[in-house]
Amino acid sequence: MKSLRILGIETSCDETAVSVLLVSKTSVTVEQDLVSSQIPIHQKYGGVVPEVAARSHVPETVSLITQALGGGMAFDAIAVTSGPGLATALRVGIEAARVLAWLSGKPIVGVNHLEGHLASAWLNPENRKRWKFPLLALVVSGGHTELVLMKDFAKYRIIGETRDDAAGEAFDKTAKLMGLPYPGGPQIAKLALEGNAEMFLLPRPMMKDPSFDFSFSGLKTAVRLAWEPWMKGPTERQEQAKRDLAASTQQAIIDVLIDKTTRAAKKFKVCGVLLVGGVSANEALRTQLAHRLEQELPVVAFLPSDRKYITDNAAMIAAAGAWNLWRGKKSDWKKLDADPERSL
Ligand code: KG4
Ligand code: ZN
(Lines give C-alpha, C1' and ligand atoms only; values in the text may rest on other atoms or scores of the structure.)
(Ligands and ions follow the chains in the order given, each with its own letter.)
Protein backbone atom coordinates (compact mmCIF):
# COMPACT_ATOMS: atom_id res chain seq x y z
CA MET A 1 0.00 0.00 0.00
CA LYS A 2 1.21 3.47 -0.91
CA SER A 3 2.29 5.72 1.95
CA LEU A 4 0.44 8.98 2.48
CA ARG A 5 2.15 12.17 3.61
CA ILE A 6 -0.37 13.75 5.96
CA LEU A 7 -0.32 17.23 7.44
CA GLY A 8 -1.88 17.24 10.92
CA ILE A 9 -3.22 20.35 12.68
CA GLU A 10 -4.47 20.51 16.28
CA THR A 11 -5.87 23.60 18.05
CA SER A 12 -8.73 22.20 20.15
CA CYS A 13 -7.55 23.42 23.55
CA ASP A 14 -4.34 24.93 24.86
CA GLU A 15 -1.68 23.51 22.54
CA THR A 16 -1.09 24.60 18.97
CA ALA A 17 0.37 21.65 17.09
CA VAL A 18 1.37 20.84 13.52
CA SER A 19 2.92 17.65 12.20
CA VAL A 20 3.81 15.87 8.99
CA LEU A 21 3.57 12.05 8.97
CA LEU A 22 4.38 9.52 6.30
CA VAL A 23 1.87 6.75 6.97
CA SER A 24 1.06 3.30 5.61
CA LYS A 25 -0.77 0.44 7.34
CA THR A 26 2.53 -0.98 8.56
CA SER A 27 4.80 2.01 9.08
CA VAL A 28 4.77 5.54 10.39
CA THR A 29 7.53 8.11 9.93
CA VAL A 30 7.13 11.31 11.90
CA GLU A 31 8.76 13.93 9.66
CA GLN A 32 7.65 16.99 11.61
CA ASP A 33 6.17 17.23 15.08
CA LEU A 34 5.78 20.79 16.36
CA VAL A 35 3.93 21.80 19.52
CA SER A 36 3.58 25.22 21.08
CA SER A 37 2.00 25.11 24.52
CA GLN A 38 -0.11 27.89 26.00
CA ILE A 39 0.13 26.51 29.53
CA PRO A 40 2.23 29.48 30.79
CA ILE A 41 -0.38 31.89 29.35
CA HIS A 42 -3.32 30.17 31.07
CA GLN A 43 -1.51 29.53 34.34
CA LYS A 44 -2.23 33.01 35.63
CA TYR A 45 -5.99 32.41 35.19
CA GLY A 46 -5.92 28.98 36.88
CA GLY A 47 -7.40 27.27 33.81
CA VAL A 48 -7.89 27.57 30.06
CA VAL A 49 -9.69 30.76 28.99
CA PRO A 50 -11.32 29.95 25.60
CA GLU A 51 -11.05 33.44 24.09
CA VAL A 52 -7.40 33.77 25.11
CA ALA A 53 -6.70 30.27 23.73
CA ALA A 54 -8.25 31.07 20.36
CA ARG A 55 -6.38 34.33 19.98
CA SER A 56 -3.06 32.72 20.91
CA HIS A 57 -3.60 29.93 18.36
CA VAL A 58 -3.72 32.37 15.43
CA PRO A 59 -0.06 33.46 15.18
CA GLU A 60 1.19 30.05 16.40
CA THR A 61 -0.76 28.07 13.79
CA VAL A 62 0.59 30.17 10.94
CA SER A 63 4.11 30.01 12.31
CA LEU A 64 4.12 26.22 12.89
CA ILE A 65 2.59 25.43 9.47
CA THR A 66 5.25 27.59 7.79
CA GLN A 67 7.95 25.86 9.82
CA ALA A 68 6.63 22.36 9.07
CA LEU A 69 6.09 22.85 5.34
CA GLY A 70 8.91 25.28 4.66
CA GLY A 71 6.48 27.30 2.55
CA GLY A 72 5.79 24.33 0.23
CA MET A 73 2.79 22.05 -0.20
CA ALA A 74 4.47 18.65 0.08
CA PHE A 75 1.56 16.64 1.49
CA ASP A 76 -1.12 14.28 0.12
CA ALA A 77 -3.87 15.07 2.63
CA ILE A 78 -4.74 17.31 5.59
CA ALA A 79 -6.08 16.11 8.93
CA VAL A 80 -7.41 18.74 11.33
CA THR A 81 -9.12 18.40 14.70
CA SER A 82 -12.77 19.40 14.27
CA GLY A 83 -14.00 18.49 17.77
CA PRO A 84 -14.59 17.98 20.59
CA GLY A 85 -12.96 21.10 22.01
CA LEU A 86 -13.34 24.84 22.39
CA ALA A 87 -15.32 26.17 19.42
CA THR A 88 -13.28 29.31 18.80
CA ALA A 89 -9.97 27.49 19.30
CA LEU A 90 -10.96 24.65 16.94
CA ARG A 91 -11.92 27.16 14.24
CA VAL A 92 -8.40 28.58 14.06
CA GLY A 93 -6.94 25.23 12.97
CA ILE A 94 -9.93 24.43 10.77
CA GLU A 95 -9.77 27.72 8.86
CA ALA A 96 -6.03 27.29 8.26
CA ALA A 97 -6.63 23.72 7.05
CA ARG A 98 -9.48 24.76 4.76
CA VAL A 99 -7.34 27.43 3.11
CA LEU A 100 -4.57 24.87 2.54
CA ALA A 101 -7.06 22.34 1.14
CA TRP A 102 -8.42 24.95 -1.25
CA LEU A 103 -4.96 26.08 -2.36
CA SER A 104 -3.52 22.58 -2.72
CA GLY A 105 -6.59 20.76 -3.99
CA LYS A 106 -5.70 17.90 -1.59
CA PRO A 107 -8.28 16.00 0.51
CA ILE A 108 -9.09 17.16 4.01
CA VAL A 109 -10.50 15.19 6.92
CA GLY A 110 -11.96 16.60 10.14
CA VAL A 111 -10.60 14.36 12.92
CA ASN A 112 -12.23 13.61 16.25
CA HIS A 113 -9.79 14.72 18.96
CA LEU A 114 -10.51 11.57 20.98
CA GLU A 115 -9.74 9.41 17.98
CA GLY A 116 -6.44 11.29 17.84
CA HIS A 117 -5.73 10.20 21.43
CA LEU A 118 -6.52 6.59 20.45
CA ALA A 119 -4.10 6.88 17.54
CA SER A 120 -1.39 8.21 19.87
CA ALA A 121 -0.90 4.64 21.14
CA TRP A 122 -0.53 3.39 17.55
CA LEU A 123 2.41 5.76 16.95
CA ASN A 124 4.59 3.45 19.04
CA PRO A 125 6.04 0.69 16.78
CA GLU A 126 6.03 -1.83 19.66
CA ASN A 127 2.31 -1.21 20.15
CA ARG A 128 1.66 -1.51 16.40
CA LYS A 129 3.24 -4.99 16.42
CA ARG A 130 0.77 -6.18 19.05
CA TRP A 131 -2.21 -4.27 17.65
CA LYS A 132 -5.10 -6.71 17.24
CA PHE A 133 -8.83 -5.95 17.32
CA PRO A 134 -11.01 -5.85 19.34
CA LEU A 135 -9.21 -3.36 21.55
CA LEU A 136 -10.38 -1.49 24.62
CA ALA A 137 -9.24 2.09 25.21
CA LEU A 138 -9.30 4.06 28.42
CA VAL A 139 -9.29 7.72 27.36
CA VAL A 140 -8.53 9.96 30.31
CA SER A 141 -7.97 13.67 29.85
CA GLY A 142 -8.98 17.05 31.22
CA GLY A 143 -12.31 16.90 29.42
CA HIS A 144 -12.93 13.17 28.93
CA THR A 145 -13.12 9.85 30.72
CA GLU A 146 -14.24 7.20 28.31
CA LEU A 147 -14.03 3.46 27.80
CA VAL A 148 -14.05 2.81 24.08
CA LEU A 149 -14.39 -0.54 22.35
CA MET A 150 -12.48 -0.45 19.05
CA LYS A 151 -13.68 -3.04 16.57
CA ASP A 152 -11.47 -1.77 13.76
CA PHE A 153 -9.69 1.41 12.67
CA ALA A 154 -12.21 4.26 12.87
CA LYS A 155 -14.93 1.91 14.18
CA TYR A 156 -15.86 2.50 17.79
CA ARG A 157 -18.44 2.01 20.48
CA ILE A 158 -18.40 3.98 23.72
CA ILE A 159 -19.18 1.50 26.48
CA GLY A 160 -18.70 3.86 29.42
CA GLU A 161 -18.18 7.54 30.09
CA THR A 162 -18.23 10.06 32.88
CA ARG A 163 -21.60 11.34 33.99
CA ASP A 164 -20.10 14.56 35.34
CA ASP A 165 -16.44 15.56 35.83
CA ALA A 166 -13.59 14.00 33.85
CA ALA A 167 -10.72 12.24 35.66
CA GLY A 168 -8.34 15.08 34.73
CA GLU A 169 -10.83 17.59 36.12
CA ALA A 170 -10.87 15.69 39.42
CA PHE A 171 -7.08 16.06 39.57
CA ASP A 172 -7.20 19.72 38.51
CA LYS A 173 -9.96 20.71 40.93
CA THR A 174 -8.28 18.95 43.87
CA ALA A 175 -5.08 20.81 43.05
CA LYS A 176 -6.87 24.15 42.80
CA LEU A 177 -8.54 23.54 46.15
CA MET A 178 -5.13 23.10 47.75
CA GLY A 179 -3.80 26.25 46.07
CA LEU A 180 -1.63 24.44 43.50
CA PRO A 181 -1.10 25.84 40.00
CA TYR A 182 -2.79 24.64 36.79
CA PRO A 183 -2.60 21.97 35.39
CA GLY A 184 -3.12 20.16 38.66
CA GLY A 185 -2.56 16.54 37.60
CA PRO A 186 1.24 16.61 37.56
CA GLN A 187 1.26 18.60 40.85
CA ILE A 188 -0.94 16.06 42.60
CA ALA A 189 1.15 13.18 41.21
CA LYS A 190 4.34 14.79 42.54
CA LEU A 191 2.92 15.45 46.01
CA ALA A 192 1.40 11.95 46.11
CA LEU A 193 4.90 10.44 45.93
CA GLU A 194 5.48 11.61 49.52
CA GLY A 195 1.95 11.12 50.78
CA ASN A 196 0.06 8.30 52.44
CA ALA A 197 -2.89 7.22 50.30
CA GLU A 198 -4.62 5.65 53.28
CA MET A 199 -4.65 8.77 55.43
CA PHE A 200 -7.92 10.11 54.03
CA LEU A 201 -10.86 7.81 53.51
CA LEU A 202 -12.34 8.91 50.18
CA PRO A 203 -15.20 7.37 48.18
CA ARG A 204 -14.66 5.30 45.00
CA PRO A 205 -17.69 6.64 43.10
CA MET A 206 -19.63 4.11 41.02
CA MET A 207 -16.91 1.48 41.36
CA LYS A 208 -19.39 -1.22 42.26
CA ASP A 209 -21.98 -0.02 39.77
CA PRO A 210 -22.49 -2.67 37.04
CA SER A 211 -22.27 -0.05 34.25
CA PHE A 212 -18.93 1.12 32.84
CA ASP A 213 -19.78 4.76 33.53
CA PHE A 214 -17.80 7.02 35.83
CA SER A 215 -18.62 9.89 38.16
CA PHE A 216 -16.06 12.11 39.86
CA SER A 217 -18.06 15.08 41.14
CA GLY A 218 -18.86 13.35 44.45
CA LEU A 219 -15.17 12.74 44.98
CA LYS A 220 -14.52 16.45 44.51
CA THR A 221 -17.02 17.24 47.29
CA ALA A 222 -15.45 14.62 49.58
CA VAL A 223 -12.00 16.10 48.95
CA ARG A 224 -13.27 19.59 49.73
CA LEU A 225 -14.75 18.41 53.03
CA ALA A 226 -11.56 16.51 53.92
CA TRP A 227 -9.44 19.58 53.21
CA GLU A 228 -11.57 22.08 55.14
CA PRO A 229 -10.15 21.36 58.62
CA TRP A 230 -6.61 21.78 57.23
CA MET A 231 -7.14 25.02 55.37
CA LYS A 232 -6.04 27.22 58.25
CA GLY A 233 -3.93 24.63 60.04
CA PRO A 234 -0.31 25.05 61.17
CA THR A 235 1.83 25.19 58.04
CA GLU A 236 4.05 22.16 58.56
CA ARG A 237 1.19 19.78 59.36
CA GLN A 238 -0.80 21.33 56.57
CA GLU A 239 1.97 20.50 54.10
CA GLN A 240 1.89 16.82 55.13
CA ALA A 241 -1.91 16.79 54.95
CA LYS A 242 -1.61 18.18 51.42
CA ARG A 243 0.68 15.31 50.40
CA ASP A 244 -1.60 12.74 52.04
CA LEU A 245 -4.73 14.19 50.46
CA ALA A 246 -3.00 14.25 47.05
CA ALA A 247 -2.05 10.57 47.44
CA SER A 248 -5.52 9.59 48.69
CA THR A 249 -7.31 11.45 45.87
CA GLN A 250 -5.00 10.03 43.22
CA GLN A 251 -5.56 6.49 44.52
CA ALA A 252 -9.34 6.92 44.63
CA ILE A 253 -9.36 8.03 40.97
CA ILE A 254 -6.97 5.24 39.91
CA ASP A 255 -8.93 2.51 41.74
CA VAL A 256 -12.13 3.35 39.86
CA LEU A 257 -10.39 3.67 36.48
CA ILE A 258 -8.54 0.37 36.84
CA ASP A 259 -11.47 -1.59 38.20
CA LYS A 260 -13.80 -0.62 35.37
CA THR A 261 -11.15 -1.03 32.66
CA THR A 262 -10.21 -4.54 33.81
CA ARG A 263 -13.85 -5.55 34.09
CA ALA A 264 -14.61 -4.24 30.58
CA ALA A 265 -11.52 -5.95 29.12
CA LYS A 266 -12.79 -9.25 30.53
CA LYS A 267 -16.37 -8.79 29.42
CA PHE A 268 -15.55 -7.82 25.82
CA LYS A 269 -12.68 -10.33 25.50
CA VAL A 270 -10.33 -7.75 24.01
CA CYS A 271 -6.82 -8.43 22.71
CA GLY A 272 -5.32 -5.24 24.08
CA VAL A 273 -5.93 -2.24 26.35
CA LEU A 274 -4.90 1.26 25.29
CA LEU A 275 -4.21 3.91 27.88
CA VAL A 276 -4.32 7.40 26.36
CA GLY A 277 -5.01 11.08 27.15
CA GLY A 278 -3.34 13.59 29.46
CA VAL A 279 -4.02 11.68 32.69
CA SER A 280 -2.21 8.62 31.27
CA ALA A 281 1.01 10.49 32.10
CA ASN A 282 0.28 9.49 35.68
CA GLU A 283 2.97 6.99 36.62
CA ALA A 284 0.94 5.32 39.37
CA LEU A 285 -1.96 4.77 36.95
CA ARG A 286 0.35 3.31 34.29
CA THR A 287 2.09 0.87 36.65
CA GLN A 288 -1.01 -0.18 38.54
CA LEU A 289 -3.07 -0.80 35.38
CA ALA A 290 -0.23 -2.78 33.77
CA HIS A 291 0.13 -4.83 36.96
CA ARG A 292 -3.57 -5.55 37.29
CA LEU A 293 -3.88 -6.62 33.64
CA GLU A 294 -0.82 -8.83 33.98
CA GLN A 295 -2.34 -10.49 37.03
CA GLU A 296 -5.88 -10.95 35.75
CA LEU A 297 -5.60 -10.98 31.95
CA PRO A 298 -2.04 -11.97 31.01
CA VAL A 299 -2.88 -12.51 27.31
CA VAL A 300 -4.16 -8.96 26.91
CA ALA A 301 -1.54 -6.52 25.59
CA PHE A 302 -1.07 -3.27 27.52
CA LEU A 303 -0.63 -0.46 24.98
CA PRO A 304 -0.02 2.94 26.61
CA SER A 305 0.95 6.04 24.57
CA ASP A 306 4.56 7.12 24.44
CA ARG A 307 5.16 9.99 26.84
CA LYS A 308 5.74 12.50 24.06
CA TYR A 309 2.38 11.71 22.46
CA ILE A 310 0.33 11.76 25.67
CA THR A 311 -0.38 15.47 25.70
CA ASP A 312 -2.15 17.11 22.78
CA ASN A 313 -0.10 16.88 19.60
CA ALA A 314 -0.72 16.82 15.87
CA ALA A 315 1.10 13.54 15.08
CA MET A 316 -1.83 11.68 16.65
CA ILE A 317 -4.29 13.77 14.60
CA ALA A 318 -2.45 12.98 11.36
CA ALA A 319 -2.41 9.25 12.28
CA ALA A 320 -6.16 9.28 13.01
CA GLY A 321 -6.59 11.15 9.71
CA ALA A 322 -4.93 8.20 7.95
CA TRP A 323 -7.32 5.74 9.66
CA ASN A 324 -10.25 7.76 8.32
CA LEU A 325 -8.84 8.08 4.82
CA TRP A 326 -8.37 4.28 4.67
CA ARG A 327 -12.08 3.92 5.32
CA GLY A 328 -12.89 6.50 2.65
CA LYS A 329 -13.97 9.12 5.17
CA LYS A 330 -13.21 12.60 3.85
CA SER A 331 -14.62 16.04 4.59
CA ASP A 332 -15.73 18.77 2.22
CA TRP A 333 -13.44 21.78 2.73
CA LYS A 334 -16.31 24.12 1.89
CA LYS A 335 -18.44 22.75 4.73
CA LEU A 336 -15.96 21.65 7.37
CA ASP A 337 -16.73 23.40 10.67
CA ALA A 338 -16.00 23.00 14.36
CA ASP A 339 -18.12 20.45 16.19
CA PRO A 340 -17.37 21.31 19.85
CA GLU A 341 -19.49 18.45 21.24
CA ARG A 342 -18.42 15.84 18.70
CA SER A 343 -18.47 12.28 20.05
CA LEU A 344 -16.73 9.20 18.72
O1 KG4 B 1 -5.25 15.24 27.11
P2 KG4 B 1 -4.86 16.50 27.80
O3 KG4 B 1 -3.46 17.01 27.61
O4 KG4 B 1 -5.81 17.66 27.41
C5 KG4 B 1 -7.19 17.48 27.24
O6 KG4 B 1 -7.90 17.62 28.26
O7 KG4 B 1 -7.60 17.15 26.09
O8 KG4 B 1 -5.14 16.27 29.34
C9 KG4 B 1 -4.89 17.24 30.32
C10 KG4 B 1 -5.24 16.68 31.69
C11 KG4 B 1 -5.23 17.73 32.78
O12 KG4 B 1 -6.40 17.57 33.55
C13 KG4 B 1 -3.98 17.38 33.58
O14 KG4 B 1 -4.09 17.75 34.94
C15 KG4 B 1 -3.93 15.88 33.42
O16 KG4 B 1 -4.28 15.68 32.07
N17 KG4 B 1 -2.59 15.32 33.72
C18 KG4 B 1 -2.35 14.47 34.73
C19 KG4 B 1 -0.94 14.21 34.73
N20 KG4 B 1 -0.39 14.92 33.71
C21 KG4 B 1 -1.42 15.60 33.10
N22 KG4 B 1 -3.17 13.90 35.62
C23 KG4 B 1 -2.64 13.07 36.52
N24 KG4 B 1 -1.32 12.80 36.61
C25 KG4 B 1 -0.44 13.34 35.74
N26 KG4 B 1 0.87 13.04 35.83
ZN1 ZN C 1 -6.51 15.98 24.39
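Throughout, residue positions are numbered sequentially from 1 according to the sequence presented. We count ligands from 1, going down the list as the structure has it; atoms in each ligand are counted the same way.
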* Asked: Hey, does D172 come in under 3.5 Å of ligand 1, counting only N/O atoms on both sides?
  -> yes
* Please report which non-hydrogen protein atom sits nearest to atom 10 (C) of ligand 1, along with the residue it belongs to and the distance in Å to one decimal place. => G142 N, 3.4 Å
* **Test: D259 and R292 ion pair at under 4.0 Å** => yes
* To do: Keeping to residues at least two apart or across chains, list the salt bridge (Lys or Arg N to Asp or Glu O under 4.0 Å) pairs with something in residues 241-254.
  => E239-K242
* Would you tell me whether N282 and Q250 have side-chain atoms, one donor and one acceptor, within less than 3.5 Å of each other? => yes
* Asked: Are H144 and ligand 1 in contact, using a heavy-atom cut-off of under 4.0 Å?
  -> no
* Asked: Under 3.5 Å, N or O to N or O, is G185 touching ligand 1 that way?
  -> yes
* Structure fact -> For H117, the atoms of ligand 1 under 4.0 Å from one of its heavy atoms are 1 (O)
* Structure fact -> Listing protein N, O or S under 2.8 Å around the Zn ion (ligand 2) gives H113 NE2, H117 NE2, D312 OD1
* To do: Indicate if L293 and W131 have the same hydrophobic cluster label, given that clusters are the connected sets of ILVMFWY residues with side-chain heavy-atom separations under 4.5 angstrom.
  => no
* Structure fact -> So for Q250 against ligand 1, with non-hydrogen atoms under 4.0 Å, the contacting part is neither
* Structure fact -> re atom 21 (C) of ligand 1, the protein heavy-atom contact at minimum distance is G278 O, 3.4 Å
* List the steps and the verdict of salt bridge (charged side-chain N to carboxylate O under 4.0 Å, His left out) for K220 and E169. => CA-CA 9 Å; K220 180 182 64 192; E169 245 176 310; over 6 Å; no
* Test: K106 cationic atom under 6.0 Å from F75 six-membered ring centre, within 45° of axis -> yes
* To do: Using the salt bridge (charged side-chain N to carboxylate O under 4.0 Å, His left out) rule, take E51 and R55 through it: C-alpha gap first, then chi angles, then the decisive distance, then the call.
  => CA-CA 6 Å; E51 175 61 22; R55 261 188 287 151; 3.3 Å; yes
* To do: Enumerate the atoms of ligand 1 whose separation from the nearest heavy atom of S141 is less than 4.0 angstrom.
  => 1 (O), 5 (C), 6 (O), 7 (O), 8 (O)
* Establish, from distance only, whether the side-chain atoms of E296 and T262 form a donor-acceptor pair under 3.5 Å. => no
* Asked: Which one holds for E15 and ligand 1: side chain close, backbone close, both close, or neither close, with close meaning a heavy atom under 4.0 Å?
  -> neither
* Structure fact -> Per-atom filter on ligand 1: closer than 4.0 angstrom to a heavy atom of H113 are 7 (O)
* Structure fact -> A student checking ligand 1 against G168 at a 4.0 Å heavy-atom cut-off should list atoms 12 (O)
* Asked: Is the shortest N/O to N/O distance between N282 and ligand 1 below 3.5 Å?
  -> yes
* To do: Begin from the C-alpha positions of R91 and D337 and carry the test salt bridge (charged side-chain N to carboxylate O under 4.0 Å, His left out) through to its verdict.
  => CA-CA 7 Å; R91 281 207 178 96; D337 195 4; 3.0 Å; yes
* To do: Look only at the side chain of D172 and the backbone of A175, and say whether a donor-acceptor pair between them is shorter than 3.5 Å.
  => no
* Asked: Is the backbone N or O of E10 less than 3.5 Å from a side-chain atom of D312, with the two atoms forming a donor-acceptor pair by type?
  -> no
* What residue among S82, S12, S141 forms side chain to side chain donor-acceptor pair (under 3.5 Å) with H113? -> S12
* Is the closest heavy-atom distance from C13 to ligand 1 below 4.0 Å? -> no
* To do: Check ligand 1 against G143 and write out every atom of the ligand that is under 4.0 Å from a heavy-atom position of the residue.
  => 6 (O)
* To do: Answer yes or no for R128 and W122: cation-pi contact, defined as NZ/CZ to six-membered ring centre under 6.0 Å and angle to ring axis within 45°.
  => yes
